[in-house]
Colleague: 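Below is a structure I'd like to ask you about.
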Number of protein chains: 2
Amino acid sequence: MSLRHILLGLLGDPHSGYDIKKKFEHSLRNFWRAELSQIYPLLQKMEDEGLLNSKEGESDIGPRKRIYKRAAKGSSELKAWLNEGPVVGTERIAYMAQVYFLAELRDDSKAIAFMEELRDYMANWLALLEDREKEWSDNDPRYPDELPDEAFYQQLTLDLGLRKVRANLEWSESCVRRMRARKKQRKAMPH
Amino acid sequence: MSLRHILLGLLGDPHSGYDIKKKFEHSLRNFWRAELSQIYPLLQKMEDEGLLNSKEGESDIGPRKRIYKRAAKGSSELKAWLNEGPVVGTERIAYMAQVYFLAELRDDSKAIAFMEELRDYMANWLALLEDREKEWSDNDPRYPDELPDEAFYQQLTLDLGLRKVRANLEWSESCVRRMRARKKQRKAMPH
DNA sequence: GTTTACATGTAATCAGTTACATGATTAC
DNA sequence: GTAATCATGTAACTGATTACATGTAAAC
């Protein structure tokens, strides 16, 4: 039940479905993803429920848009969600499940290659987040603690993103080292 | 499409649906969760597809059980999943979305209380994982790098769990500090 | 003229949750 | 006797993905 709350959060400012998809790709991708085919019907449904209002919008470029904005009822539902306290314990991390069963490959080299791929992915992602942070701090002297509230809380999520990806990167590097050492030892004394 | 692969992974050793649910609650809870009402029908479906075999099992305690085990076809599907490389970019972290919109509460004290709740949750979870690690290392001199393969890879996921929860805890502590400092400053010079 | 980005949607399917139903055995 | 744990399932619903369908406008 979180996508609807995320849409409520985003629609404090007016956005089209297409705009929202971009928000997911740029800012929210650290913690949520959604497809257009989920976004469009949900926006319509939420308008029917009185959580959103919409109007026809002009586009500077391209075809007509439908612009949604949070209604009063939507604001109270959003606040209710935040007042419930943190929603935890629902995370699903597929690559951790894969690592858990990696012995089933019965192939040291393939297992190491798997972990190297994970390491490279984390390194790229970290570079991306660090760029974003650098750009932000270079362009706003209030970064990070003098930012207005809305931006301040967004910065907190960027900070957690950085910390988590660093933890993942350090972990995957340590895994590669440990797996290589085991492989080497196994070569020296088989079975 | 990951739960079916997780079941394939677990069913290298024979388990009932009920056993599997316990596995989720004890070992896998760091990265996946599943309800019995999802597990039972999926086991049946996967047996129909020839991925699993089952037999009637005697229970030392309680009623009859149905015991499932991975079939040859299941093993190759599991390997195919691992050979595809790490499944990344699908994570959904609801509490990060909540933090992103926390300004909408328009109430410093409530926002701080939210973050303190998150901090306490992470502290508890960390204590739990540290206990589990201590117990393991106390009871097996091979811990962590001389463990047999299956256990070694499970230890890698415990290690990542510890690193991630520590990152979350440090982050939430830093958030509480930063939010308190902003609140104090705001009190000193309003608007 | 073709590709890319803009823009919105439907249909079919798959994955996951919540609520309900049943019954055995053990511990107190 | 009653509560807790063991044990398996179905039904209804909600959430999310994949594939398909349509069309505009700008850039090259």
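As the structure is a computational prediction, the values presented were derived from the model and not from experiment. Here is how names work: the chains are called A, B, and so on, in the same order as the sequence lines, proteins then strands, and each is numbered from 1. Only heavy atoms go into these numbers, but all of them, side chains included; no hydrogens, no water, no symmetry mates.
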Colleague: Look at the side-chain N and O atoms of B:Arg92 and state whether any lies under 4.0 Å from the OP1 or OP2 oxygen of D:dA16.
Modeller: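 For D:dA16, OP1 or OP2 has a side-chain N or O of B:Arg92 closer than 4.0 Å.
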Colleague: A quick test of your reading: do over 12 heavy atoms of other residues, nucleotides or ligands sit less than 6.0 Å from CD of A:Glu116?
Modeller: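 Buried by this count: over 12 neighbours within 6.0 Å.
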Colleague: Tell me the interatomic distance from A:Asp19, atom CG, to C:dA5, atom P, rounded to whole angstroms.
Modeller: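 These atoms are roughly 16 Å apart.
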Colleague: What nucleotide, of C:dA5, D:dT8, D:dA16, holds the atom closest to the side chain of A:Tyr18?
Modeller: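 Comparing C:dA5, D:dT8, D:dA16 against the side chain of A:Tyr18, the answer is C:dA5.
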Colleague: Side-chain heavy atoms nearer than 4.5 Å, only ILVMFWY residues, links allowed to pass through others: does that put B:Leu169 and B:Ile112 together?
Modeller: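 Shared cluster, yes.
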Colleague: Is the distance from OP1 or OP2 of D:dC6 to the nearest side-chain N or O of B:Lys22 less than 4.0 Å?
Modeller: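 Checking B:Lys22 against D:dC6: at least one side-chain N or O falls below 4.0 Å of OP1 or OP2.
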Colleague: Closest-nucleotide mapping onto DNA chain D: is A:Leu42 or B:Ser16 further toward the 5' terminus? I mean the 5' end.
Modeller: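 Of the two residues, B:Ser16 wins.
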Colleague: Tell me, with the steps shown, if B:Gln155 and A:Arg178 meet side-chain hydrogen bond (donor to acceptor under 3.5 Å, both in side chains).
Modeller: CA-CA 12 Å; B:Gln155 196 281 331; A:Arg178 292 170 62 191; 2.7 Å; yes
Colleague: Between the main-chain N or O of B:Ser16 and the side-chain N or O of B:Asp19, is there a donor-acceptor pair closer than 3.5 Å?
Modeller: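 Side chain of B:Asp19 to backbone of B:Ser16, a donor-acceptor pair under 3.5 Å: yes, one is there.
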Colleague: Taking the ring centre of each residue, are A:Tyr95 and A:Tyr121 less than 6.0 Å apart?
Modeller: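 No: the rings miss the under 6.0 Å criterion.
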Colleague: Give the rounded distance in Å between these two atoms: CD of A:Glu91 and P of C:dG16.
Modeller: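 So the two atoms are 15 Å apart, to the nearest Å.
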Colleague: When the distance from NE2 of A:His15 to P of C:dA7 is rounded to whole Å, what number comes out?
Modeller: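 It is 13 Å, rounded to the nearest whole Å.
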Colleague: Take the protein atom OH of A:Tyr40 and the nucleotide atom P of C:dA11, then report the distance between them rounded to whole Å.
Modeller: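 Those two atoms, OH and P, are 17 Å apart.
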Colleague: Find every protein N or O atom lying less than 3.5 Å from an N or O atom of nucleotides 18-22 of chain C, and list the pairs.
Modeller:
residue, atom, partner, partner atom, Å
C:dT18, O4, B:Ser37, OG, 2.5

Colleague: Let's test this: given Watson-Crick or G-U wobble pairing with both distances under 3.5 Å, identify the partner of C:dC28.
Modeller: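 By the stated definition (distances under 3.5 Å), D:dG1 pairs with C:dC28.
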Colleague: Whole angstroms only, please: what is the CD1-C1' distance between A:Ile39 and D:dT18?
Modeller: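 After rounding, the gap between these two atoms is 15 Å.
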Colleague: Between atom CG in B:Leu36 and atom P in D:dA11, what is the gap in whole Å?
Modeller: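 Between P of D:dA11 and CG of B:Leu36: 17 Å.
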Colleague: Quick one: which of C:dA15, D:dT8, C:dT8 gets closest to the side chain of A:Arg66?
Modeller: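 When the side chain of A:Arg66 is considered, C:dT8 is the closest of C:dA15, D:dT8, C:dT8.
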Colleague: Does the Lys NZ or Arg CZ of A:Arg182 fall within the cation-pi geometry relative to B:Phe152 - under 6.0 Å from the ring centre and within 45° of the axis?
Modeller: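 Judged by the rule (NZ or CZ under 6.0 Å from the ring centre, within 45° of its axis), A:Arg182 counts as positioned above B:Phe152.
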Colleague: Rounded to the Å, how far apart are A:Leu43 CG and C:dA7 P?
Modeller: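 Going from CG in A:Leu43 over to P in C:dA7 covers 15 Å.
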Colleague: If I take atom CG in residue A:Leu3 and atom C1' in nucleotide C:dA15, what distance separates them, rounded to the nearest angstrom?
Modeller: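 For the pair A:Leu3 CG and C:dA15 C1', the rounded distance is 16 Å.
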Colleague: Treating B:Glu47 as the side-chain partner and B:Ser54 as the backbone partner, does any N or O pair qualify as donor plus acceptor under 3.5 Å?
Modeller: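 Present.
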